[in-house]
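As structure tokens, the structure follows; a few thoughts come after it.
Here is the naming used below: chain letters follow the sequence lines, and residue numbers restart at 1 for every chain.
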There are 2 protein chains.
Amino acid sequence: MQIINYAYLCCCNGNINQKKRRSAQKMLQKLQQLIPFEERAVGRRVVLLPAGKVADSVFYIQSGLLRESFVEDGKDITVQFFFEGQAVASIESFWNGKPSEVAIETVEPSVLKVFKKADIQAYLEQHPESGITIAQFAYSRMINYYHLFLSRIKDSPEKRYKLLLEEYPEMVARIPQHYLASYLGITPVSLSRIRSRK
Amino acid sequence: MQIINYAYLCCCNGNINQKKRRSAQKMLQKLQQLIPFEERAVGRRVVLLPAGKVADSVFYIQSGLLRESFVEDGKDITVQFFFEGQAVASIESFWNGKPSEVAIETVEPSVLKVFKKADIQAYLEQHPESGITIAQFAYSRMINYYHLFLSRIKDSPEKRYKLLLEEYPEMVARIPQHYLASYLGITPVSLSRIRSRK
DNA sequence: TCAAAACGATAACATTTGTTAATAAGTCAC
DNA sequence: GTGACTTATTAACAAATGTTATCGTTTTGA
């Protein structure tokens with residue numbers, strides 16, 4: 001059971017539906033009794049993990065809104081958003097111990113539960129079946145990025161905005177437009193135009 | 001050792017450098033002594049796995065050139081190319097047993113070694129340490145898609161073409177231009193223009 | 001070998017997005 | 001509250017790409 005928990009802890013980021021999110025939250029509640037964590041309240045626009053730093057924590061979002069981003073040619077690009085009930089880490093950095101290519105920061109003031117890598121590792125060592133855990137985690141993350149990838153290359157920015165509006169209206173309503181634009185791969189000006197032409 | 005082999009069998013797709021490819025090929029040679037396979041010679045434009053079908057094979061490319069693609073709004077979009085010495089499967093379908101979102105087909109006439117899922121599973125069952133194997137496989141695939149994803153959202157089509165020309169000139173030389181265009185996310189007409197203006 | 005198909009270049013025009021700038025409304029911190 | 005900053009809209013123009021079509025050339029497959 002803990003195996004699934006951990007898979008969810010690290011996997012349930014990305015745009016997931018209500019059912020999946022509730023399921024993941026249940027799992028994460030149990031997990032919080034197994035691995036120690038520290039609660040942390042932060043304001044908006046606080047950088048939790050700067051690009052270039054090695055990730056040593058997983059952030060569970062009690063309340064608030066986070067985003068994963070990077071800067072290329074002076075442009076700020078948003079990769080994903082994360083909401084309450086989800087868990088976030090710069091996964092490649094977290095597992096490799098390499099500097100993160102992406103930054104993680106708050107969009108809104110947030111309350112987080114911070115799990116340290118050392119504590120997670122200690123837990124995994126006590127549970128040898130964690131081999132399956134890691135596989136599930138890595139696999140789910142792969143699927144997540146795969147779908148993000150496909151959505152970017154399949155559709156025009158305009159179509160992607162419309163799909164987002166249909167499927168995740170709460171995202172569109174809540175996320176500042178210039179972040180949404182960088183997530184859609186366009187400029188804020190262009191997003192404003194798309195919105196205005198119906 | 002077999003663990004790493006299998007990881008490579010499934011991971012060494014994507015644009016990898018010469019060193020990595022040689023290493024992977026060595027691994028795959030050993031692997032061919034462990035898991036039964038069938039050799040298959042096919043012409044160009046042969047669909048090995050149609051979109052919608054469940055993947056039950058991994059294709060090792062003895063010679064030739066394959067591509068992974070899907071059709072959206074009547075447009076044919078190339079996700080990745082695969083060359084000799086690489087192994088290919090529609091990974092999500094292969095592991096989930098779900099219908100594949102993508103098709104796999106030959107670009108050039110190719111000679112393939114076909115490993116059946118049942119044979120791979122039988123091998124994994126005989127080697128309980130395969131837990132690590134699957135993790136490595138899934139993780140590597142994730143990194144692969146992650147970087148494909150980042151390259152798509154970071155750079156303009158023109159910049160991506162130039163980078164491809166610098167890093168993988170053999171790809172540009174060998175792959176028909178209209179496939180390259182769909183890989184870069186543009187029309188053949190637009191690629192032709194980019195090439196002509198320098 | 002030869003007809004059909006595939007491929008790539010080019011042109012003309014439409015559409016979309018980027019860029020820069022001005023403006024107005026909203027928010028935050030003091 | 002108030003001034004500074006942030007955010008979103010709109011306009012005008014530039015740049016890039018899409019769309020459609022034509023035209024040689026090459027390749028393919030029978």
Between [atom2] on [N] and [atom1] on [X], what's the gap in Å once rounded to a whole number?
X	N	atom1	atom2	answer
B/R193	C/dG8	CZ	C1'	13 Å
A/R45	C/dT27	CZ	P	15 Å
B/E158	C/dG18	CD	C1'	14 Å
A/Q177	C/dT27	CD	C1'	16 Å
B/I186	C/dT17	CD1	P	16 Å
A/H178	C/dA25	NE2	C1'	16 Å
A/R44	C/dC28	CZ	C1'	7 Å
B/I175	C/dG8	CD1	C1'	16 Å

**Message:** Run B/T106 and B/L65 through side-chain contact (heavy atoms from CB on, under 4.5 Å) and show every step you take.
**Reply:** CA-CA 6 Å; B/T106 57; B/L65 173 54; over 6 Å; no

**Asked** chain B on DNA chain D: first and last contacting nucleotide, 5' to 3', under 4.0 Å to a heavy atom?
**Response**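 Listing 5' to 3', DNA chain D meets chain B from D/dT17 to D/dG29.
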
**Donor-acceptor side-chain pairing of A/R195 and A/Y161 below 3.5 angstrom** = yes

**Request:** Would you please say whether a donor-acceptor pair under 3.5 Å links the side chains of B/K116 and B/S57?
**Result:** yes

**Asked** Would one find a side-chain N or O of A/T187 under 4.0 angstrom from OP1 or OP2 of C/dT17?
**Response** no

**Asked** Taking the six-membered ring for Trp, is the centroid-to-centroid distance between A/F37 and A/Y60 below 6.0 Å?
**Response** no

**Request:** Scan A/P188 against the nucleic acid and name what it touches under 4.0 Å (heavy atoms): base, sugar-phosphate only, or nothing.
**Result:** nothing

**Message:** Here's a test of your reading of the structure: between B/S190 and A/S156, which maps to the more 5' nucleotide of DNA chain C?
**Reply:**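 Looking at the nearest nucleotide for each, B/S190 comes out on the 5' side.
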
**Message:** If you only use heavy atoms from C-beta on, which nucleotide in C/dT19, C/dT10, C/dC7 is closest to the side chain of B/S192?
**Reply:**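 Of C/dT19, C/dT10, C/dC7, C/dT10 is nearest to the side chain of B/S192.
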
**Message:** I'd like to know if the side chain of B/K117 reaches the main chain of B/A55, judged simply by a donor and an acceptor atom lying under 3.5 Å from each other, with no hydrogens or angles considered.
**Reply:**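 Judged by distance alone, no pair lies under 3.5 Å.
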
**Asked** Relative to the 5' end of DNA chain D, which residue comes earlier, A/Y179 or B/K75, by the nucleotide with the nearest heavy atom?
**Response**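 Its nearest nucleotide lies further toward 5', so the answer is A/Y179.
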
**Asked** Which of these passes side chain to side chain contact (heavy atoms under 4.5 Å, CB included) with B/S110: B/V46, B/L48, B/L66?
**Response**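 Passing option: B/L66.
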
**Asked** Are B/F82 and B/V107 close enough that some pair of their side-chain heavy atoms sits under 4.5 Å apart?
**Response**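 Answer no - side chains too far apart.
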
